[in-house]
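Contents: one structure, followed by commentary.
Whatever order the structure lists ligands and atoms in, that order sets their numbers, starting from 1.
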Amino acid sequence: MADAKTVRGRFAPSPSGRMHLGNLCCALAAWLSVRSQNGVMLLRIEDLDPDRCKPAYAEQLMDDLRWLGLDWDEGPGAGGDCGPYLQSERRALYEDALQALKAQGKIYPCFCTRAQLHAASAPHAGDGVFRYPGTCRRLSAAEIREKSRTRAPALRFCAPAGTVEFDDLFLGPQSFDVQAMFGDFLVRRSDGVHAYQLAVAVDDARMGVTEVVRGRDLLASTACQLQLLEALGAPAPRYGHVPLLTNEAGRRLSKRERDLDVGALRARFSPEALCGSLAYLLGLLDRPEPAAARELVPLFSKADFSRPAIAVPETLRLFPPQ
Ligand code: GLU
């Protein structure tokens, strides 16, 4: 294991489809940050959701990362002391964490149906996040027994009230009220699949991750993860959230669309051409000129990640905006 001062960063993609330029951009930022500090890079495959994730996508994304020149020191194919590096093989560890939370009375079963949840709560700020109003927090032991007869419950975390503060590596001081934004958030779905927030908090802690560099869509999730880490008595990594890529209309790039899918990009660009273009978008290069990933390491400090978003210029786009 590395000594206490070694930076340990990770890239933690979900194999739910081919990566797009935005995923590559986050991977490059996480990798450059670790490499510029002589740290250890981990790759963790977040394949918890069996409905969405496929092994073939995991193979593909590893091939795409290698193609771009982004390597990892621990993870699938590289070994390491903190495996397994596939979340689907770490379920027993998530159950251990749930037991620890249960022993402290910090989780409870929730029997609400999706329809009840939607009826009870307005979507948060139009981003599809629903605040859970705490309906099942007050169930008695007898009510829980009764409801368990007909329905397998989900599990929710009793999110502490008040704000969670943290200092983002790129954005500075942040403050989120988890209870006001999300309410008591899910830690296990009713079908037994562990929730993203729990798995990420447990894995970052168990894998000794000291630095998380990822997309800004997960900025508020950081507060949930910090609450879980604190409840589990685990140290918190530092977090840095990079701007999301958008098209010219300001719409976020998404895997569900064909926008800048890595397969399409690989057919058009060499790894150096694509890396150089990404480096230009991130502000590392003044012009989009070819550059290997490792050549960008000394330039990492030039990146400006405090921008609200990064618009991808027409020259990188293959498909017209919809
Ligand atoms: N697996 C998550 C995703 O692909 C990222 C998790 C993280 O970086 O914390 O969106």
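Taking distance alone, with nitrogen or oxygen atoms compared against 3.5 Å, Ala12 approaches ligand 1 more closely than that limit.
The shortest separation from a heavy atom of Gln225 to ligand 1 is not under 4.0 Å, leaving the residue out of contact.
With hydrogens and angles left out, the side-chain atoms of Gln225 and Thr222 include no donor and acceptor closer than 3.5 Å. In this model, no donor atom of one side chain and acceptor atom of the other lie less than 3.5 Å apart for Arg91 and His194. A donor atom on one side chain and an acceptor atom on the other are found under 3.5 Å apart for Glu165 and Thr163.
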Asp64 and Asn23: side chain to side chain contact (heavy atoms under 4.5 Å, CB included), yes or no, with the steps? CA-CA 11 Å; Asp64 287 339; Asn23 302 120; over 6 Å; no
With side chain to side chain contact (heavy atoms under 4.5 Å, CB included) as the criterion, how do Leu24 and Leu274 come out once you've worked through the C-alpha distance, each side chain's angles and the decisive distance to 0.1 Å? CA-CA 10 Å; Leu24 279 191; Leu274 188 57; 3.8 Å; yes
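Per-residue contacts place Arg10 under 4.0 angstrom from the following atoms of ligand 1 (heavy atoms of the residue considered): 7 (C), 8 (O), 9 (O). When each atom of ligand 1 is checked for a heavy atom of Ser14 under 4.0 Å away, the hits are 1 (N), 2 (C), 3 (C), 4 (O). Listed by atom number, the atoms of ligand 1 under 4.0 Å from Arg214 heavy atoms are 7 (C), 8 (O), 9 (O).
With a heavy-atom cut-off of 4.0 Å, Asn23 does not touch ligand 1 at all. Under 4.0 angstrom from ligand 1, there are no non-hydrogen atoms of Phe11.
Residue Phe185 holds its CZ atom at 13.5 Å from SG of Cys110, rounded to the nearest 0.5 Å.
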